[in-house]
A.B. asks: 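Pasting in a structure now, in structure tokens, and then I'll have a few things to ask.
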Amino acid sequence: MRKIYLDHGATTPMRNEVIDAMVTIYREEFGNPSSIHQFGRSAKKQLEDARAKVAKAIGADAKEIIFTGSGTEADNIAILGTARMKAKQGKGKHIITTTIEHHAVLDTCKLLEKEGFEVTYLPVDEHGILAVQSVQDALRDDTILVTIMHANNEIGSVQPIAEIGQLLKNHPAVFHTDAVQTVGKLAVDVNELAVDLLAISAHKIYGPKGVGALYVRKGIRVEPLMIGGGQERKIRPSTENLAGIVGLAVAIDLAVSELATESKRLEGLRDKLIHELLTKVPETKLNGHPVHRLPHNANISFEYIEGESLILSMDMKGIAVSSGSACTSGSLDPSHVLMAMGLCHQTAHGSLRMTLGKDTTEEDIDYVIAELQTIVARLREMSPVWEQYIKSKA
Ligand SMILES: Cc1ncc(COP(=O)(O)O)c(C=O)c1O
Ligand code: FES
């Protein structure tokens with residue numbers, strides 16, 4: 001059976017260049033980068049070369065890159081580390097974020113509320129976009145941290161980070177962005193975005209799982225979450241995962257060098273997928289912004305259908321997609337992101353996220369469009385709510 005993977009927002013397969021570079025490290029560079037003998041010095045060189053590559057990819061200085069164990073960990077260090085440092089310095093306890101952040105940010109903010117911090121969760125509009133003015137309105141003298149994701153992992157909406165960054169230049173609050181979904185897909189430059197902290201994850205850009213990085217602007221101080229040795233400027237102590245770090249560096253380097261052509265290609269396929277589904281399948285709706293969205297993300301609601309039946313039916317045809325609804329996330333609630341945009345339960349439950357990748361072809365997209373039309377029609381035929389809807393229209 002044909003296999004089509006349209007879940008690159010969840011994770012990506014490692015590319016061969018990454019695997020080859022990692023295998024070389026595993027085979028030939030087992031030294032501890034902290035050791036002063038030649039094995040250590042050689043490993044240290046690999047580590048610093050990787051740091052320079054990651055820094056270059058986002059317009060940063062190598063000294064501003066801290067390697068972490070994941071995107072989640074980078075977000076956690078950024079948020080907990082800033083909040084605790086600022087509180088210790090008596091600068092305030094107010095944090096601003098949005099209702100549609102990834103749980104790595106949202107739940108970290110909730111933890112800080114338990115520690116006595118006050119968090120403002122800003123709403124987004126029906127396209128999942130935050131108004132810059134709402135950040136301005138929420139800012140207070142005691143605001144110590146603003147954390148807003150660059151693009152949303154479910155609906156693909158891209159936030160006006162550069163504009164918010166400009167606004168915050170006149171305020172002492174630290175500005176963090178979760179760029180896990182954008183690095184390698186959109187141009188990400190820490191100075192253009194005017195951010196102080198920025199989180200990256202390797203496995204979304206054809207790198208290994210369990211590796212991330214945090215950009216920490218020169219002069220910004222964060223409390224570490226772990227205590228131990230002096231690695232990564234004591235912000236993230238523990239012997240570095242050198243192979244993973246080199247894998248991240250190779251992946252980000254390739255993703256950024258291919259960005260312009262690949263993003264354009266993906267946008268073309270994404271728009272074809274969206275356009276054909278919205279025109280060929282009745283009662284469908286695009287979630288997220290029609291233009292300001294990730295080049296590889298299509299999120300569509302199919303009314304009168306359960307997301308999980310749709311995912312399972314597509315899986316039987318060899319097509320892997322995801323949804324933010326109850327069954328896939330293991331909770332009873334539909335996606336907090338779709339609900340935050342004002343979707344009703346039913347529409348949120350019938351949503352599908354399709355995220356394209358570098359191996360996705362136009363034939364794949366044609367196959368998915370054709371299969372989805374058949375699957376949706378079959379599922380609706382079996383649905384009493386659809387029957388009621390048809391009768392109500394007659
Ligand atoms: C927006 C966003 N932030 C953070 C993460 C977490 O990254 P990691 O899986 O590397 O911990 C993800 C991945 O699911 C994500 O999409
Ligand atoms: S998608 Fe599973 S209950 Fe709605």
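Counting convention: from 1, in listed order, for ligands and their atoms alike. One is the number of the first residue; the rest follow in order along the sequence.
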A.B. asks: Can you sort out the partners of H8 under ring pair (Phe, Tyr, Trp, His ring centres under 6.0 Å), two or more places apart, ordered by chain and number?
C.D. replies: Y5
A.B. asks: Kindly indicate whether a cation-pi arrangement holds for R51 with F67, taking the cut-offs as under 6.0 Å to the six-membered ring centre and within 45° of the axis.
C.D. replies: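 So R51 doesn't make the cation-pi contact.
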A.B. asks: Students should find this: residues with any non-hydrogen atom under 4.0 Å from ligand 1. What is the answer?
C.D. replies: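 Within the 4.0 Å shell of ligand 1, which is judged on heavy atoms, sit S70, G71, T72, D75, H102, M149, N153, D178, V180, Q181, S201, H203, K204.
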A.B. asks: Table please: side-chain donor-acceptor pairs of residues 386-393 below 3.5 Å, with sequence neighbours left out.
C.D. replies:
unit_1	atom_1	unit_2	atom_2	d
Y389	OH	E283	OE2	2.4
S392	OG	Y389	O	2.7

A.B. asks: Under 3.5 Å, is there a donor-acceptor pair between the T120 and H94 side chains?
C.D. replies: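 T120 vs H94: donor-acceptor pair found between side chains.
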A.B. asks: Could you state whether V246 and I252 fall into the same hydrophobic cluster, counting links through intermediate Ile, Leu, Val, Met, Phe, Trp or Tyr residues with side-chain heavy atoms under 4.5 angstrom apart?
C.D. replies: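 Per the 4.5 Å side-chain linkage, V246 and I252 are co-clustered.
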A.B. asks: Which side-chain N or O atoms in residues 158-167 pair as donor and acceptor under 3.5 Å with protein atoms at least two apart or in another chain?
C.D. replies:
unit_1	atom_1	unit_2	atom_2	d
Q159	OE1	L130	N	2.8
Q159	NE2	G128	O	2.8

